[in-house]
Asks: 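To start, I am sharing the structure in question, which I have written as structure tokens.
Lettering follows sequence order; numbering is per chain, from 1. Computed over heavy atoms, backbone and side chain alike; hydrogens, waters and symmetry mates excluded.
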Amino acid sequence: VESILRPARAAPTCLVVPMRTKRRFSVPNWNAEESIKGREKRLRASMMVSPEEHMERTFYLACTADIFDPYVPPEGDARLTSLSKDGLKQKMEKLRQTAASRLALRKVKNHDPNFSTKTFPEKAQEIFTEAHNSLANFNKQKLHSLVTERCYSEMVRGNRYKTIRWSFIESLEPPRVVHVRCHSMVNEDNLYGQVTVRMHTRQTLAIYDRFGRLMYGGEQVPKDVLEYVVFERHLVNVYGTWRMHGKIVPAWAPPKDPIIK
Amino acid sequence: LTSGRVFPLSCIHTSASLEKFGKWEKKNRIVYPPQLPGEPRRPAEIYHCRREIKYSKDKMWYLAKLIKGMSIDQALAQLEFSDKKGAKVIKEVLLEAQEMAVRKHNVEFKSNLHIAESLTGRGHYTKQIRYHGKGMFGIMKLSRCHYFVKLVEGPPPPPEPPKTGFDQAKEYVQQLRNRTITHSL
């Protein structure tokens, strides 16, 4: 409707502002510093997601790595036997009565009802002699069944190119159980029992090096040896056997002979 | 039976083992039977070698021939002051062998060794292009060699006296006497 106050003039109803809508090419900035997180995010966005393959390699612990709570042999053990038998017997009983040994013994008997401190030392001595004989003959399979892995590595180290001759002459004293301990690895239920047996024996040892020259000891030289041998068994395993685990060398032991060169 | 922790495959035992043991390395593995107490003490023998040395085997032979028969101290001294490139390598080999002898093979004195055998062998040869001017090229041969040494315990053996004229004459006369006349009485 035309009027004086509103002349009919061409007036734009809306303001037209020219805008660029066409997408223009711009150089992408590849030099921009990307943080580690930003990069990870970008890569994760473009990567294919696959279910993770679990690379599992199970292994079985057949023996412990060390002797737990090592037995501390009393000083002058070998020298007192001939003098005061009664004193030693008392000490023996005291040791047997120590709480920890008794507890451990009870635990061991739970898992292995045939175990007894009276019959075990003989078996222990048999295992000991057989193990040393198979070491002298390099019978690896038998040695592995008689001796734990930790002891095996200690026994065999450096012996590959040497000849060892060992013989057991006699036992000067009957062996006896001195120390019992139970320990668990990884889980609380995984029990390993360690028993220390005191052996006083007479043995001969001769080691020859690669060229057949005598390196240590003599073949006809018997030596009296007082040893504290530790035997171990994986109690939880039904088919486990008692195997030699190591020896405890007391601090007051006499020094070894030097290697003959 | 309890199993251990989950281990990824990356820490499975992978050792860069020396792939091929040559005959010389295997000679260190023989074990002699124990000697009876009355026998003379067997001298220790140590075999050592180094493979694929970047040097020519003919040039290395001169150094090997120089060392043969010397005591180890004398050999090390001669190699230290030699100008050749192979001398440095052989010196390293000798020192390694000496240390091996003392540590593993039950040798008492490290100076009590002498060199019984020292040999060189041919290694793998590869070819390369050597660029000349004007687009010309030549084919270069990269030669490598092996070096073998055998150390024996004990003082070095005395050198053989040179052959005198008298010895040669004696041999000649003996040859004449050895002749036989066939089909004779």
Asks: Which one of B/Glu108, B/Arg29, B/Arg41 has the most heavy-atom pairs closer than 4.5 Å to chain A?
Replies: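 Highest number of heavy-atom pairs under 4.5 Å: B/Arg41.
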Asks: Please state whether the rings of A/Trp166 and A/Phe128 are parallel, tilted or perpendicular, taking 30° and 60° as the class boundaries.
Replies: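 Perpendicular, since the angle between the ring planes exceeds 60°.
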Asks: So which of A/Arg160, A/Met215, A/Lys162 has the biggest tally of heavy-atom pairs under 4.5 Å with chain B?
Replies: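 Option with the top pair count is A/Met215.
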Asks: What part of B/Pro43 gets within 4.5 angstrom of chain A, counting heavy atoms only: side chain, backbone, both, or neither?
Replies: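 Answer is backbone: N, CA, C or O of B/Pro43 sit under 4.5 Å from chain A.
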Asks: Non-hydrogen atoms of chain A under 4.5 Å away: do they reach the side chain of B/Leu36, the backbone, both or neither?
Replies: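 Interface part for B/Leu36: neither.
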Asks: Where do A/Tyr152 and A/His144 land on the ring-ring contact (aromatic ring centres under 6.0 Å, His included) test, with the steps shown first?
Replies: CA-CA 7 Å; A/Tyr152 177 80; A/His144 267 293; 4.1 Å; yes
Asks: Hey, can you tell me if B/Trp24 and B/Tyr47 have their rings parallel, tilted or perpendicular (30° and 60° cut-offs)?
Replies: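 Aromatic pair B/Trp24/B/Tyr47 classed perpendicular.
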Asks: Please check if the distance between the ring centroids of A/His234 and A/Tyr192 is under 6.0 Å.
Replies: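 Centroid distance A/His234-A/Tyr192: below 6.0 Å, so yes.
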